[in-house]
Amino acid sequence: MAQHFLLSAASRTLSLRSIYKAGEDAAYAMFCEMRWPETNGEAVCPQCNHDEAYKITTRRKFKCKACAHQFSVTSGTIFASRKMDFVDLLAAICLIVNASKGMSMVQLSRDLDCQYKTAFVLAHKLREAIAQEVHTGEVLDGHVEIDGAYFGGHIRPANMKSNRVDRRLKKHQTGKRRVVVAMREREEGRTLPFIAMSEGEGVALAIENVSRDATMSADEASHWDALHDGWMTDRVNHSEIYSDHGKHTNMVESFFSRLRNMIQGQHHGVSPKYLHQYANHSAWLEDNRRTDNGTLAHIVVSNAMGAPVSRNWKGYWQRAA
Ligand SMILES: [Zn+2]
C-alpha cells in the first residue's frame, strides 16, 4: 500500500529541533531574507526604498543612510509589535503548519509557554497571512464543486423535556448561526470559502468567483438550480446517492469535514466573528495537504512579511542547522 503523505520523510523538512538548534541569530537572519528577498536579506528602507542602512546591532534596528529613518525587519508587517523572540515565532509557525486540523490557542500557549493572549493574537495574525494564499482574487476554473454547511449557534436542549423548545424556530435561535459556502476545484485545485447567512447566497458568490468556462457540481438543493443558467452543471441528489457516475461533491465535502474537525476538535465552537478565519485556514490546509511543512512555513512567513512568495524553501532548515 502507498504510504500516506504525512508519514513520509518528504513531508518533514522542518522541525522544532532544527529551529531551536539553529538558534535566535539564524531565525533572525531568516526573517531578514524573507522580508528583503531581492537583496538577499540586506535591509531596504520602508520609507524611501534606499538599500543602504546602518545596522544598530544591539537593538536589531536599522537606520537608513539616505533618510535616517529607523526601522526593524518587522516594521510595517503583521509582526510589527512583536515581543517574542524570532525562534519562538518560527516555532509557533512550525506548530501551526504541522497541525493538519488546526490548533487551539490554549495548546499553542502551552507549547510555547507564553500567555494565552499572546498565542491568540499570534494565531490570528498567522491566519491573516494564510488567508492571502486562499483569497488571491483569481477566479476558479475547470471542474468546480459548490456546497454550503452551517456552523455555530448551537442551542443546548434543556434538561427536562417539558422545558425544551423547538430549536428550528427563528425566535429560539441565537443569531450566531452562519453558513460557510465553499467552492473547490477538482484535481489539486483551490478551495475558496465564504461566510453567508444562507446557502442560497452561494449563487452570487459563484458568479463573482467562478470562470464562465468552468463546469460546476452541486447537490439537489433548489437554490442551486440557478447555476444552470451560468454553467454546465452536474447535480447529485444526496438523499439517494453520494456519487453518481462522477457526479458528486466529495471534494468540497472533505473540506467541510476538515473544517468541522478543526472547530469541534480544537476550537470547541466558533463565533461568527472568527468563522472566516477558520474556514480560510482549513481551505489552505486542504489545498496544501501534500506540501512539506518547511515549504508551508516559508509561505506563511513570506506572506506575513509582505514579500512575494518564493517556493524555494526546501532544504533551508537543513542548511541553517
Ligand atoms: Zn530611507
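It should be emphasised that the depicted structure is a prediction, and the values quoted were computed from it without experimental measurement. As the structure lists them, so they are numbered: ligands from 1, and atoms in each ligand from 1.
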Trainee: Under 2.8 Å from the Zn ion (ligand 1), which protein N, O or S atoms are there? Could you list them by chain and number?
Mentor: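 Protein N, O or S atoms closer than 2.8 Å to the Zn ion (ligand 1): C45 SG, C48 SG, C64 SG, C67 SG.
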
Trainee: Is the shortest heavy-atom distance from the side chain of R186 to the side chain of S217 under 4.5 Å?
Mentor: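 Yes; the side chains approach each other to less than 4.5 Å.
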
Trainee: Parallel under 30°, tilted from 30 to 60°, perpendicular over 60°: which one fits the rings of F71 and H69?
Mentor: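 Correct class here is parallel.
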
Trainee: Could you walk me through whether D225 and R235 pass the salt bridge (charged side-chain N to carboxylate O under 4.0 Å, His left out) check?
Mentor: CA-CA 9 Å; D225 291 349; R235 302 292 286 279; 2.9 Å; yes

Trainee: Ring of Y278, cation from R127 - is the NZ or CZ under 6.0 Å from the centre and inside 45° of the axis?
Mentor: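 Judged by the rule, R127 and Y278 form no cation-pi pair.
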
Trainee: Under a plain distance cut-off of 3.5 Å, with no hydrogens placed, do H223 and E199 share a side-chain donor-acceptor pair?
Mentor: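 Checked: E199/H223 side chains pair up, N/O donor to acceptor below 3.5 Å.
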
Trainee: Assign the ring pair H135 / F194 to parallel, tilted or perpendicular, where the plane angle (0 to 90°) is split at 30° and 60°.
Mentor: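 Ring orientation, 0 to 90° scale: perpendicular.
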
